[in-house]
Structure formats: C-alpha cells, structure tokens
Amino acid sequence: MSTLERRFRPFPSWIPQAIALLAVPTAGLAAEKYFGYAEGHIEVTAAGTDAYAVNLAHSCLRLDAMLRQILGITTSHRVPTY
C-alpha cells in the first residue's frame with residue numbers, strides 16, 4: 001500500500017451511522033415546549049411557558065383594539081388571526 005493510499009483511506013461505513021445514532025437521543029432533549037391559547041379571534045402558539053402564550057394573546061388583543069380605534073374600524077366582523 002502506497003503512502004497516498006494510506007493517507008486517503010475512506011471511512012468505514014459504520015462511522016457515520018454511529019454518529020447519527022448518538023445524535024438522535026440528544027435532539028429530543030433540547031426541544032422547546034409549545035403552548036397554545038385562544039381568546040376572541042386571536043389564536044397564539046408560543047414557545048416557552050403557558051403564561052407567555054396567555055400574555056402574548058392579551059397583548060395582541062390590546063394592539064387590535066388600539067388599531068381599531070386609531071383607524072376608525074367600526075365593523076364587528078374580524079378575520080381570524082393565527
């Protein structure tokens with residue numbers, strides 16, 4: 001076997017498979033939890049805690065009310081917002 005052949009030998013086929021098997025269990029540990037909350041015509045899905053999803057939905061409703069007042073929107077029909 002020449003020096004060039006020894007230097008550039010391909011990986012055995014099991015090495016990438018072993019790396020993939022070791023990486024799979026750790027992928028689930030880092031996953032964030034998602035929480036959903038719906039109020040009125042607003043539906044929110046947020047990563048983090050359930051309190052964050054509730055606060056985000058309330059903030060969206062307050063923003064909606066403020067924009068309706070500023071823009072003078074008087075119709076009762078609202079398009080669902082996700």
Side-chain angles (χ1 to χ4, degrees):
M1 186 181 296
S2 71
T3 307
L4 184 63
E5 289 175 352
R6 270 188 264 135
R7 206 179 287 169
F8 295 107
R9 284 186 296 187
F11 278 145
S13 64
W14 61 269
I15 289 178
Q17 294 170 353
I19 292 171
L21 281 175
L22 291 174
V24 169
T26 60
L29 296 175
E32 292 189 66
K33 292 185 179 181
Y34 289 89
F35 294 92
Y37 182 75
E39 184 173 329
H41 63 281
I42 304 277
E43 292 183 19
V44 172
T45 301
T49 64
D50 56 346
Y52 179 70
V54 171
N55 288 335
L56 184 60
H58 286 216
S59 295
C60 289
L61 286 170
R62 286 192 295 270
L63 177 65
D64 179 60
M66 179 184 67
L67 288 175
R68 278 188 284 130
Q69 185 176 6
I70 291 171
L71 298 174
I73 299 171
T74 58
T75 61
S76 62
H77 175 70
R78 297 280 179 265
V79 177
T81 307
Y82 300 97

Between NE2 of H41 and SG of C60, what distance do you get to the nearest 0.5 Å? 9.0 Å

Measuring from L67:CG to R62:CZ, what's the distance to the nearest 0.5 Å? 13.0 Å

Mind jotting down which residue pairs meet the salt bridge (charged side-chain N to carboxylate O under 4.0 Å, His left out) criterion with at least one end in residues 67-76? Sequence neighbours excluded, please. D64-R68

If you look only at pairs with a residue in residues 48-59, which of them pass as a salt bridge (charged side-chain N to carboxylate O under 4.0 Å, His left out), with sequence neighbours excluded? none

For Y37, what are the other residues in its hydrophobic cluster, where any two members join if their side-chain heavy atoms are less than 4.5 angstrom apart? V54

According to side chain to side chain contact (heavy atoms under 4.5 Å, CB included), who are the partners of A47, at least two apart in sequence or on a separate chain? E32, Y34

Identify the two heavy atoms, one from F35 and one from A53, that lie closest to each other, and give their separation to 0.1 Å. O-CB, 3.8 Å

With sequence neighbours excluded, residues passing side chain to side chain contact (heavy atoms under 4.5 Å, CB included) with T75: I73, R78

So, using side chain to side chain donor-acceptor pair (under 3.5 Å) as the criterion, who are the partners of T49 when residues are at least two apart? none

Can you name the closest pair of heavy atoms from A46 and L56 and give their distance? CB-CD2, 4.3 Å

